[in-house]
Amino acid sequence: MQDETPLERERRAKVARWRSEGREPFPWSFPGRVSTEVVRTACARLRPGESDSAHPLRVAGRLRAVRVHGRTAFADLDDLAGSIQLFLRVDELGEAAYGSWLADLDPGDIVGAEGAPSVSRRGEPSLLVGSLTLLAKAVSPPPEKFHGLQDPEERIRRRYLDLIASPESRARFRARSLLVREVRAHFDAAGFLEFETPVLLPVASGAAAQPFVTHSNYLDEDVQLRIALELHLKRLLVGGLERVYEIGRVFRNEDLDSTHSPEFTMLEAYWAYADYRDMRSLVEGLYARLARRTEELLPDVPAAKEAARAFEAGFATVDFVEELERQSGLSGLLERSREDLRALARAAGSTVPDDSPSGVFLDKLFEHYVEPTLTAPTFVLDHPMATTPLAKRHRDKPGRVERFEFFYRGFELGNAYTELNDPDEQERRFREQLSQRGEDHYAYDADFVRALRYGLPPNTGIGIGIDRMAIALTGAASIKDVILFPLVRAK
RNA sequence: GGGCCCGUAGCUCAGCUCGGUAGAGCAGGCGGCUCUUAACCGCAAGGUCAGGGGUUCGAAUCCCCUCGGGCCCGCCA
């Protein structure tokens with residue numbers, strides 16, 4: 001065996017011994033198994049020292065700690081529901097079986113146990129084991145039982161070890177999965193249809209980001225991985241599907257840090273014959289629901305409790321320009337020249353290039369003066385036209401678009417517009433974007449513009465970063481704590 | 001792109017400031033123990049100190065390079 005450690009050699013010897021005794025160390029199944037929670041429930045009726053041998057139960061999971069006291073032993077068995085203490089006695093198992101088990105069992109082994117629910121004299125719910133079955137030998141030892149796996153690199157590269165060692169990590173990822181289910185339920189109930197649009201495209205479009213490029217042997221052409229879901233979902237509205245959404249991976253060839261990942265999960269939804277005010281109501285309901293659910297899923301996590309309280313109170317609403325002027329003490333921002341805005345952004349510490357459009361400087365000012373203050377759930381409304389090329393102009397406020405972003409704990413969780421649906425204006429804005437960039441991988445999606453010429457109904461659309469949603473609700477410190485396998489360098 | 005920090009046994013960590021033959025706990029081995037829960041007690045074992053180079057009589061420790069990682073700042077609408 002390659003790179004076998006002495007510990008692994010020892011454990012393989014146990015596998016060999018097991019086989020030589022005619023027992024299978026990797027059997028096929030363990031029928032009739034219940035979760036450890038069922039055993040706990042059964043134990044709740046018992047007093048310390050009692051056991052219910054009339055109603056045996058079968059559990060299966062991973063052995064964590066084994067505590068041997070001569071002719072009695074305890075072991076903790078973990079499953080997804082939690083854990084239960086196994087209570088092993090010579091009196092129950094017999095000398096030979098008991099001795100053999102203690103010789104050949106190791107922490108990390110996957111075992112099945114059958115026995116009577118019982119409560120130890122010290123009051124610990126247990127299973128008084130009548131028979132044990134090895135279900136899969138752990139040839140490699142698990143991480144340290146008390147401190148777990150601490151090395152942040154190993155926790156990511158070998159996530160299975162992190163999940164074995166950290167109940168918190170397991171609970172967080174379980175919560176993420178169930179929250180995504182909740183998101184789907186919310187959109188489904190509102191009459192939306194979920195679709196899967198292409199990942200491989202001739203030209204990635206719908207956002208300004210560096211794409212990943214790969215090659216199709218069939219076409220003998222380079223293709224790009226999508227950077228957004230928007231343009232294909234809007235094509236579905238052109239086609240008459242009216243309410244559509246997708247939860248899918250998008251790819252941006254950029255840095256990995258605590259809030260960015262080169263591949264991340266985006267929800268986008270488009271809703272025909274509705275505007276951004278309708279979308280606001282939908283989002284408000286969504287987050288109230290998600291926060292409640294998070295609290296159920298993670299009752300011991302303070303951030304989950306805080307979120308439940310925060311979103312129960314609903315969202316605050318502020319106007320982009322009014323709030324920026326209020327927080328910064330500046331005035332007349334919409335009337336100021338680009339040079340003036342650049343100077344203000346510089347003064348606020350931004351180092352974006354001098355030739356950036358004026359909207360970029362406004363965004364930087366907002367990030368600097370306002371975003372850190374947006375700790376409570378807040379909708380920010382009606383951004384300056386210059387910051388937002390793809391939204392429809394505001395029906396009442398000159399120089400603005402119909403847009404909202406929403407914030408919680410100081411960072412942006414989503415972004416919605418009343419969407420632009422004029423094909424000629426859309427084409428003009430794409431061309432402007434191109435001329436600002438001048439790089440061929442920003443070539444625009446001409447067929448999308450062609451689709452709009454056939455008539456895109458008035459609609460509202462939203463993008464929600466699912467990873468950031470998970471961070472905000474579960475209180476995770478980094479996007480790496482909510483993405484199971486973040487991109488790492490090959491070793 | 002800039003700055004700071006980390007890499008020692010399967011795992012969790014000391015040792016590095018001030019150079020002198022590598023330390024502990026967990027896990028594993030052997031022995032003991034019939035109510036522990038980070039069980040406990042005793043004995044023995046376990047190392048390419050990330051890799052390479054340099055300084056030195058002598059390097060885990062000082063210097064240089066490389067690899068991998070972390071944090072902060074900047075950039076990424």
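For the numbers below, each heavy atom of this structure counts, side chains included, while hydrogens, waters and symmetry mates do not. Numbers restart at 1 for each chain; the letters A, B, ... are given by sequence-line order, proteins then strands.
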Name all residues meeting the side chain to side chain donor-acceptor pair (under 3.5 Å) criterion together with Asp109(A); count only those two or more places apart in sequence or in a different chain, and write none if there are none.
Lys137(A)
Remember a base hit wins even if backbone is also touched, and classify Glu254(A) as base, sugar-phosphate or nothing at under 4.0 Å, heavy atoms.
base
What distance, rounded to whole Å, do you find between the two P atoms, one in rC71(B) and one in rG52(B)?
28 Å
Would you please classify the geometry between the Phe379(A) ring and the Phe315(A) ring as parallel, tilted or perpendicular, with 30° and 60° separating the classes?
parallel
Distance check, C1' atoms only: rC16(B) and rA22(B), in whole angstrom units.
13 Å
Is there a side chain to side chain contact (heavy atoms under 4.5 Å, CB included) between Ser83(A) and Arg40(A)? Walk through the geometry before answering.
CA-CA 9 Å; Ser83(A) 74; Arg40(A) 285 188 173 275; 4.1 Å; yes
Distances under 3.5 Å between protein N/O atoms and the N/O atoms of nucleotides 68-72 of chain B, please, pair by pair.
unit_1, atom_1, unit_2, atom_2, d
rG68(B), OP1, Arg489(A), NE, 3.4
rG68(B), O3', Arg157(A), NH2, 3.2
rG68(B), O2', Glu153(A), OE1, 3.3
rG68(B), O2', Glu153(A), OE2, 2.6
rG68(B), O2', Lys491(A), NZ, 3.4
rG69(B), OP1, Arg489(A), N, 3.3
rG69(B), OP2, Arg489(A), NE, 3.2
rG69(B), O4', Glu153(A), OE1, 3.1
rG70(B), OP1, Lys480(A), NZ, 3.0
rC71(B), OP2, Lys480(A), NZ, 3.4

In whole Å, what separates the P atom of rC63(B) from that of rU56(B)?
16 Å
Take atom P in rU66(B) and the same atom in rG74(B), then report the distance between them in whole Å.
27 Å
As a test of reading the structure: which of rC35(B), rC76(B), rC13(B) is closest to the side chain of His69(A), going by heavy atoms?
rC35(B)
Span that lies between the P atom of rC13(B) and that of rG58(B), in whole angstrom
34 Å
Quick one: which of rC35(B), rU34(B), rA77(B) gets closest to the side chain of Asp363(A)?
rA77(B)
Given the options Tyr276(A), Tyr417(A), Phe320(A), Phe404(A), His383(A) meets ring pair (Phe, Tyr, Trp, His ring centres under 6.0 Å) only with Phe320(A)
Identify whether any heavy atom of Ser350(A) sits under 4.0 Å from a base atom; if not, whether one sits that close to sugar-phosphate; answer base, sugar-phosphate or nothing.
sugar-phosphate
Distances under 3.5 Å between protein N/O atoms and the N/O atoms of nucleotides 26-28 of chain B, please, pair by pair.
unit_1, atom_1, unit_2, atom_2, d
rC26(B), O3', Lys145(A), NZ, 3.3
rA27(B), OP1, Lys145(A), NZ, 2.5

Report which part of the nucleic acid Leu149(A) touches: base, sugar-phosphate, or nothing (heavy-atom distance under 4.0 Å, all strands).
sugar-phosphate
Taking only the side-chain heavy atoms of Pro143(A) (C-beta and beyond), determine which of rC11(B), rC75(B), rC33(B) contains the nearest atom.
rC11(B)
